[in-house]
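Each residue takes its place number in the sequence, starting with 1.
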Amino acid sequence: MVDQSTNTLDDSAFIYISLARFPFTAIFSALPLSLIHSPLMTMQSCFIRLFVVVVVLLGSVTMHVSDPVLPSPPLEALRLEGKLSFDDAHLAAKDFGNRYRLLPAAVVHPASVSDVASTVRHVFRLGPSSKLTVAARGHGHSLRGQAQADGGIVVRMESLGGGTRVSHRGGQPYADASGGELWINVLEECLKHGLAPKSWTDYLHLTVGGTLSNAGISGQAFRHGPQISNVNQLEIVTGKGEVMNCSEEQNADLFHAALGGLGQFGIITRAQIALEPAPEMVRWIRVLYSDFASFTEDQEMLISAKETFDYIEGFVIINRTGLLNNWRSSFDPQDPARASQFDSDGKILFCLEMTKNFNRHEAESMSQVYIYQYSACMKLNIPEQTPDLWIDISVHVSEVKLRSKGLWEIPHPWLNLFVPRTRIKDFAEGVFGKILTDSNNGPILLYPLNRSKWDNRTSAVIPDEEIFYLVALLSSAPSHGSLERALKQNSEIVDFCNKAGIKMKQYLPYYTTREEWNGHYGDRWKTFGHRKRTYDPLAILAPGQRIFRKPLQQSSSSSSL
């Protein structure tokens, strides 16, 4: 597998890179960057995701900006327990994507669900003659203004309060959490009870309502499904301003509509989230491949096996010599021979990352870990004295540092795709090394998910095949030139898929026309439109998704419903 004479990887290299043992809580003090994957995050993923380009801004960037909005007279009648603010409208007119800046007329800081309901109900009662719309904003990690409301009202969900309560129902533990609560806070409360949510996104500084409105995926989704498959009940404020509790048994249509519904049918104000016992320790393993077929075959075998790992993700490495040198340092310093053999020789590499949860009394039995390759089983010997590692490489900590230097708020032209298993090889051959000739502007994730773990009654859209891959291109663009280059590459990738007949679906989708949204939802578009008319008939909610337009009286024929 390793050519000793040249110190390069051959075409089927399968190399153990690093493994360590982590306290479970340490994993969550090292939180990685990811939006929406999102949806447990391991240390190596942190190394990957921490590759945020830290450079001085080199020029201007393309920004979609709306005109300043004056306070709207209809808002004077709105009475709240919380606060109606006009001074911070500019803060609600930006997001992590940093490409759209749409000023709202006002920002609501709700003190309770009643404030959220009152705001929406007030706008609903103004009728179709009012241009006001309402957008729920979580932690501001949308990419293209999806949580903005041009000339409307932005509801700051983190002000909602209510916290997290851990309870049991029928012997099954769950967390009852506010829709504006950050997942990191949910986790910390659950850990006090020895519990943790079953499914995560890769970045935990996101709100509960925000990720449930998309799907919420990570390297755990192959086992437990996305976050929207692990919810017992929701409290929702509809587009009419009604507060409704919903679940599989109660108001089931709204329950399924809101999960993955991009905020179109209601604002999620509370959620009951399924929990499981939290492990005390996590074993972390990384493996490198230079052969894409071996890489994907092993991933598919691992997510299909009964006895497997608890977290599985993959990454693509294109011309990333600096990062590879960093990884080389993760070898045992007493084993310089293995480290010296680690050389990419300019090839595209693929990294498989896995974790295994266990408790302290099981530590001795965890001295051996099995990794499957094809039909064989590769056995790796792990030093019994491997120390516990506490490494402060939190993306949240890095975010604070970058913000202080003015280097965080740069454009992030991310592209997230779900690619069917039968076409993932075609995708890789047409994109990696051709359209994408390097990955210097951000990490590239690539790992499989199981369709059977998703509920097709929800609004989330995924490919028809049982196994499909998340391909996430997580670029940062510190300059105008790098932004234009990333956007061009994204467009070329989408065009390539369309021309090659690869029936991919966008995760965190963004389209601007009804025809594009119709194509995205396919035969589910009729149901999606029916649900919109039922729960948000005036198209008040989530205007930044650009799916439906509010049907104004003077131009009702322009409605996209």
Side-chain angles (χ1 to χ4, degrees), residues 34-40 113 116 135-143 146-147 155 157-158 160 162-165 174-187 189-190 196-218 220-221 224-239 243-248 250-275 416 449 453-462 507-509 528 531 535-536 541-542 544-545:
S34 184
L35 226 327
I36 358 359
H37 308 89
S38 215
L40 177 62
V113 63
V116 179
R137 177 187 172 92
H139 204 51
H141 274 256
S142 57
L143 296 174
Q146 287 94 333
V155 180
M157 296 301 293
E158 288 184 83
L160 186 58
T164 301
R165 300 186 298 271
Y174 67 88
D176 188 288
S178 166
E181 192 70 87
L182 295 181
W183 280 102
I184 183 61
N185 297 332
V186 175
L187 170 68
E189 182 61 32
C190 292
K198 291 182 177 180
S199 190
W200 294 99
T201 54
D202 285 337
Y203 180 53
L204 300 182
H205 286 256
L206 303 171
T207 59
V208 169
T211 64
L212 294 183
S213 295
N214 288 282
I217 58 175
S218 73
Q220 293 172 301
H224 298 294
Q227 289 183 318
I228 58 174
S229 293
N230 294 276
V231 178
N232 300 330
Q233 183 175 313
L234 296 173
E235 177 187 76
I236 293 175
V237 175
T238 71
V243 181
M244 300 181 67
N245 290 314
C246 53
S247 64
E248 293 275 4
Q250 179 185 16
N251 298 313
D253 185 66
L254 177 58
F255 178 71
H256 295 124
L259 293 172
L262 305 179
Q264 293 302 303
F265 315 108
I267 297 174
I268 298 173
T269 51
R270 291 203 73 82
Q272 288 187 5
I273 303 153
L275 305 178
N416 300 274
L449 302 164
K453 299 294 184 179
W454 295 61
D455 190 332
N456 61 12
R457 295 172 295 179
T458 69
S459 295
V461 177
I462 58 178
Y507 178 54
L508 311 177
F528 196 82
R531 286 172 165 175
Y535 302 113
D536 184 21
L541 301 176
Q545 295 285 359

When you look at S199 and N230, which way does the side-chain contact (heavy atoms from CB on, under 4.5 Å) test go after all the steps?
CA-CA 7 Å; S199 190; N230 294 276; 3.6 Å; yes
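- In this structure, K198 NZ and Q227 CD are separated by 13.5 Å, a value rounded to the nearest 0.5 Å.
- Between Y535 and D253, the side chains place a donor N or O and an acceptor N or O closer than 3.5 Å (distance only, hydrogens not considered).
- Looking at L262 and Q146, their side chains never come closer than 4.5 Å, going by heavy atoms from C-beta outward.
- Judged by distance alone, with hydrogens and angles left aside, the side-chain atoms of S459 form a donor-acceptor pair with the main-chain N or O of A257 at under 3.5 Å.
- In this structure, the side chain to side chain donor-acceptor pair (under 3.5 Å) partners of D455, at least two apart in sequence or on a different chain, are R457.
- Of the inter-residue distances, the one linking L234 atom CG with T269 atom OG1 reads 8.5 Å to the nearest 0.5 angstrom.
- Scanning for ring-ring contact (aromatic ring centres under 6.0 Å, His included) contacts around F265 gives F528, with sequence neighbours left out.
- At least one side-chain heavy atom of E248 sits less than 4.5 Å from a side-chain heavy atom of F255.
- Under the 3.5 Å distance criterion, the side-chain polar atoms of N214 are matched with a main-chain donor or acceptor of G210.
- The distance from atom NE2 of H256 to atom CD1 of I228, rounded to the nearest 0.5 Å, is 10.0 Å.
- Rounding to the nearest 0.5 Å places CG of L182 at 7.0 Å from OG1 of T207.
- Classification of the Y203-H141 ring pair by plane angle, with boundaries at 30° and 60°, yields tilted.
- The salt bridge (Lys or Arg N to Asp or Glu O under 4.0 Å) check on R270 picks up D176, with sequence neighbours excluded.
- If you check the side chains of S229 and W454, you find no donor sitting under 3.5 Å from an acceptor.
- When side chains are defined from C-beta on, T238 does not count as touching D536, because their heavy atoms never get closer than 4.5 Å.
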